[in-house]
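The sequence lines fix the lettering, A, B, ..., with proteins before strands; numbering per chain opens at 1.
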Amino acid sequence: MVSTGHERTCEQCGLVVESEQIDHGPEWRSFEDRDDQRRTGAPLTPARHDRGLSTKIGTDRSDANGNPLSDRKRRQLRRLRREHGRALRSTTSEQNLALAMMEIRRLTAALGLGNDLRNQAARLFRRAQSEELLKGRSVEAIAAGAVYGACRCHGRPETLADVNQLTQIDRSRVKNGYQVLNRELGLPAPPREPDTFLPAICSELGLDASVERRARQLIDTAPTARVPHGANPAGIAGGALLVAISEMCGVAEIPQTEMSDVVGVSANTLRARRDEFRSIESA
DNA sequence: ACGATTATTGCGTTCTT
DNA sequence: AAGAAAACAATAATCGT
């Protein structure tokens with residue numbers, strides 16, 4: 001089951017340790033001012049390089065009491081602002097972190113992922129950085145790998161291609177980014193199950209829900225012995241769909257080439273998987 | 001579209017150094 | 001123990017039907 005947004009995760013590794021719903025919203029507090037019901041300030045977020053806590057020096061021309069500032073004082077504040085900004089991003093690693101957080105926020109937003117996924121991806125990156133996994137690799141690759149890794153840890157359907165499409169870098173870099181995280185950090189990413197690919201494929205091809213249901217049934221009941229060890233789970237889903245389509249009357253056939261495009265495996269592989277399902281059925 | 005054959009790729013194992 | 005290499009399995013490419 002894909003959980004969407006109420007997990008408690010280990011700050012260090014992003015491992016989901018608990019899945020109960022927690023209200024992070026503000027408590028009721030204010031008696032008179034109905035518009036201000038917060039009990040605290042902005043929440044901490046791992047998805048910004050400064051965790052959302054950085055102090056900003058404002059540009060008002062008056063002090064806290066509304067008295068106008070002298071020229072001398074204003075010049076001093078300008079200097080402070082500049083130095084403060086430099087101090088915040090002074091080191092390379094902090095610059096990298098700021099870059100990565102922007103990238104992670106961009107990617108997760110484009111994928112329509114929630115804050116929990118985004119924050120977990122951010123934590124993964126921070127951990128990668130503290131373990132010096134960035135050496136010799138690009139920030140972009142690790143950031144993308146972290147986003148993909150967060151998806152995988154939650155059993156989400158996003159593919160490597162989905163993430164990669166949003167980046168400028170080579171597919172192999174993104175893949176490597178993910179693999180490094182997975183290997184070095186021991187991500188609790190479960191293997192992909194074939195049926196997790198069904199919804200995306202079916203909606204892309206405009207297939208009826210009944211076809212999807214039948215395909216799921218085929219996958220669930222099929223003894224795994226027949227399918228080769230290590231077979232691409234997406235291909236298994238595609239093969240099951242081909243069988244489901246062919247045996248249901250009134251459903252338009254889908255050309256294998258089209259199915260191949262959508263699933264991301266060759267028509268060859270599709271046929272292999274389909275035939276395995278057929279041989280299981282007739283056995 | 002299918003089946004068969006060949007090429008490629010990725011990966012865990014085994015052999016070296 | 002790190003790295004090279006031979007070996008294997010899945011998939012893609014290609015051809016003929």
Side-chain angles (χ1 to χ4, degrees), chain A residues 128 131-138 140-142 144-149 151-153 155 157-165 167 169-198 200-202 204-208 211-212 214-215 218-283:
Chain A
E131 310 240 340
E132 307 201 324
L133 265 34
L134 267 77
K135 283 181 179 172
R137 288 178 263 264
S138 71
E140 220 182 347
I142 299 294
V147 171
Y148 180 61
C151 289
R152 288 296 304 269
C153 288
E158 283 77 14
T159 63
L160 187 71
D162 290 335
V163 179
N164 187 43
Q165 274 177 352
T167 72
I169 55 182
D170 192 73
R171 178 190 169 89
S172 61
R173 306 268 169 204
V174 179
K175 186 172 186 180
N176 181 257
Y178 166 70
Q179 283 178 331
V180 164
L181 295 179
N182 194 25
R183 182 161 19 91
E184 304 297 329
L185 266 39
L187 295 192
R192 298 224 112 143
E193 296 299 329
D195 62 346
T196 61
F197 293 95
L198 290 175
I201 299 170
C202 288
E204 181 76 20
L205 292 172
L207 289 169
D208 193 78
V211 180
E212 181 180 337
R214 174 61 182 144
L218 285 167
I219 292 169
D220 286 345
T221 58
T224 53
R226 295 261 186 169
V227 296
H229 188 65
N232 184 341
I236 296 176
L241 278 171
L242 285 182
V243 174
I245 291 168
S246 69
E247 72 182 16
M248 294 182 75
C249 41
V251 178
E253 296 278 335
I254 301 284
Q256 293 183 358
T257 52
E258 196 179 338
M259 179 70 83
S260 169
D261 281 344
V262 174
V263 177
V265 302
S266 71
N268 222 334
T269 303
L270 243 28
R271 277 179 235 128
R273 297 294 94 79
R274 180 204 58 192
D275 292 347
E276 281 150 15
F277 277 113
R278 283 191 174 150
S279 72
I280 289 166
E281 284 232 291
S282 58

**Report entry** Atom pair distance, as rounded to whole Å: CG in Leu270(A) and P in dA1(B)
**Finding:** 10 Å
Report task. Verify the contact: side-chain N or O of Thr269(A) to OP1 or OP2 of dA10(C), cut-off strictly under 4.0 Å; return yes or no. Result -> no
Query raised in the report: Rounding to a whole Å, what distance do you find between Asn232(A):CG and dA9(C):C1'?
Result: 14 Å
Query raised in the report: Can you check the Asn176(A) CG to dG10(B) C1' distance for me, whole Å?
Result: 14 Å
Query raised in the report: Rounded to the Å, how far apart are Asp275(A) CG and dA10(C) C1'?
Result: 16 Å
**Report entry** Distance in angstrom units between Arg273(A) CZ and dA9(C) P, rounded
**Finding:** 14 Å
Report task. Take atom CD of Glu276(A) and atom P of dA10(C), then tell me their distance rounded to the nearest Å. Result -> 9 Å
Query raised in the report: Could you state the CZ-P distance from Arg271(A) to dT14(C), rounded to the nearest angstrom?
Result: 14 Å
Query raised in the report: Out of dA13(C), dG3(B), dT11(C), which nucleotide sits closest to the side chain of Arg274(A)?
Result: dG3(B)
Query raised in the report: Side chains of Leu207(A) and Ile254(A): closer than 4.5 Å at any heavy-atom pair?
Result: yes
Query raised in the report: Around Arg173(A), counting heavy atoms of other residues, nucleotides and ligands shown, do more than 12 lie under 6.0 Å from its CZ?
Result: no
Report summary line: The answer to which of Pro255(A) and Gln179(A) contacts DNA chain B further toward the 5' end, by nearest nucleotide, is Pro255(A)
Report summary line: Testing dC11(B), dA12(C), dA13(C) for proximity to the side chain of Asn268(A), the answer is dA13(C)
Report summary line: In terms of heavy-atom contacts, Ile169(A) and Asn164(A) come closest through O-OD1, 3.3 Å
**Report entry** Spacing between Glu253(A) atom CD and dC2(B) atom C1', to the nearest angstrom
**Finding:** 14 Å
Query - Gln179(A) atom CD: more than 12 heavy-atom contacts under 6.0 Å - result: yes
